[in-house]
Amino acid sequence: MIKPIIPVMTAIGLVLAGCSNSNNNNDDNNAVATCSGEAVQAVRLFLQQLSSDSVIIKWRGNADGDTEASSVCFGTDMAALPADSETAATVTATGHSEVLLSGLEPDTTYYYSVGGAGVADEAHHFRTAPVTGELPADGNTRIWIVGDSGVGGTGKPESGYVRDGFLAFAQNQGDEPADLFLMLGDNAYDQGTDMEHQKGIFDVYTSVLASTPVWPTIGNHEMGTVGLSTSSNPESYTVLGDGSNGGPDPAPDSPMPYLNIFSLPTDGEAGGLASGTEQYYSFDYANVHVVSLDSQLAIRDTDSRAAMMQWLKDDLMANTQDWTIVIYHHPPYTKGSHDSDSTLNGIDDPIFTIREEFTPIFEQYGVDLAYAGHSHIYERSYYINGNTGLSDTFDAATMAELNDMNMPASGQGDEAYTQIARNGMDDKVVYTVAGNGGKITYTTPGYPHPANFFSQLELGSVVIDLDENQLEASFVDVNGTVLDSFIITR
Ligand SMILES: [Fe+2]
Ligand SMILES: [Fe+2]
């Protein structure tokens, strides 16, 4: 039987071949009915809680000003998203639509259409995580980290330069996009309003967010009041001034936009131990375990700090991943725009708490890397442990991994670090401050901090590439040039 579609396909070629529709389904027993909705360009679009079998797609708005999308279609063939994949969105009190896609195959690329079209836009895809503990098919996990990047709302383009630096690096280094995107807080200046999140995050990282899951932590500017809040209660979120860049979110959600915008795991949805709160959480990706702590709110209250600390210990004890990374906002070793030797009106108290109470946990429980922002600078430590005091107590001879000449090792060349250090223990951590993702400001007396191998007032971000046996962390500037790097092998 001659199928009537054949001459038409010959005439129109690939366009029609890639756009099956309900009219020709009966012509081919193998054809699957495809979605028939219309793609909608959302004002904000991002991926949350990506795991080996699920992901949340979240969006809001329609760039055309028309009706917002109410569903998503997805599939492994970008040219034919099956009709039975259509998933209706739920809408939150702040108008965010989200769909949870589950039952997915691990380490597999899926394409999606917000609005439920049968064909996906090229930019709209995600790759599920590998089976936990295993490497991705390409053998390499790439993690991109930016800190204090939320300057979009203040009219500064610097975060865009940093983004472009990363994209240039990624293109030069295997043309490999990031598998994970971590944000170190102060993601939306000055007061973390919903509008400032739009300008600081969604308008800047649009293409990355459409294909890479974002995992943030809370900075002081996420709590309104121009970053000056010392409250431990997210319900206290308020803004100073005329609110021309937005105000608290409406009830019944939290007044804190960060908590409404991000859908973060509370129950170990993407691995790790259930934290019971979006303020801090952990997850697994391939052979990496990532922990995001709340150094702005939970840390300031005795009870909530104790709860977070116990959760952290339990989470790290249960962790069997090859590599462990912790992110939080307040840096324990810094001489940038914040000084880890002095508290600034109480807003910097968490710097001391992190150093005195949390770094011993990181070191005891096998954390490899710790990242903070807050200081608008890049500072990277030696491979250290035991420095809970002020900068003048740092003793390289006893606290740092040493090279063959008994000097603190650089982590570079033949001074690469090993996860099991010379003392036979996995008890050392490289601490990095990467608050240089949107601005660089100044240094404070005593700069550079003696625990830090490399310190530079330069815009940029961090890229981590890792496999089973080696991890390399690089400081990438706005041109995509690597200004510092170190290696840990295991
Ligand atoms: Fe900060
Ligand atoms: Fe900041």
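All ligand and atom numbering here is 1-based and tracks the order in the structure. The shown structure was predicted, so the numbers you read here are calculated from the model rather than taken from an experiment.
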Of all residues at least two apart in sequence or in a different chain, which pass the ring-ring contact (aromatic ring centres under 6.0 Å, His included) check with [X]?
X: F362; value: Y328
X: Y333; value: Y431, H449
X: F202; value: F46

Legend entry - Sidechain-backbone polar pair: E222 side chain, G185 backbone, donor-acceptor under 3.5 Å: no

Legend entry - Exam field: side chain E196 to backbone Q191, donor-acceptor pair closer than 3.5 Å: yes

Inset, instruction - Could you grab the protein N, O or S atoms closer than 2.8 Å to the Fe ion (ligand 2) for me? - result: D148 OD2, D186 OD2, Y189 OH, H376 NE2

Inset, instruction - With the Fe ion (ligand 1) as the reference point, give the N/O/S atom of H329 that is nearest. - result: NE2

Legend entry - NZ/NE/NH1/NH2 to OD/OE distance under 4.0 Å, K439 and D186: no

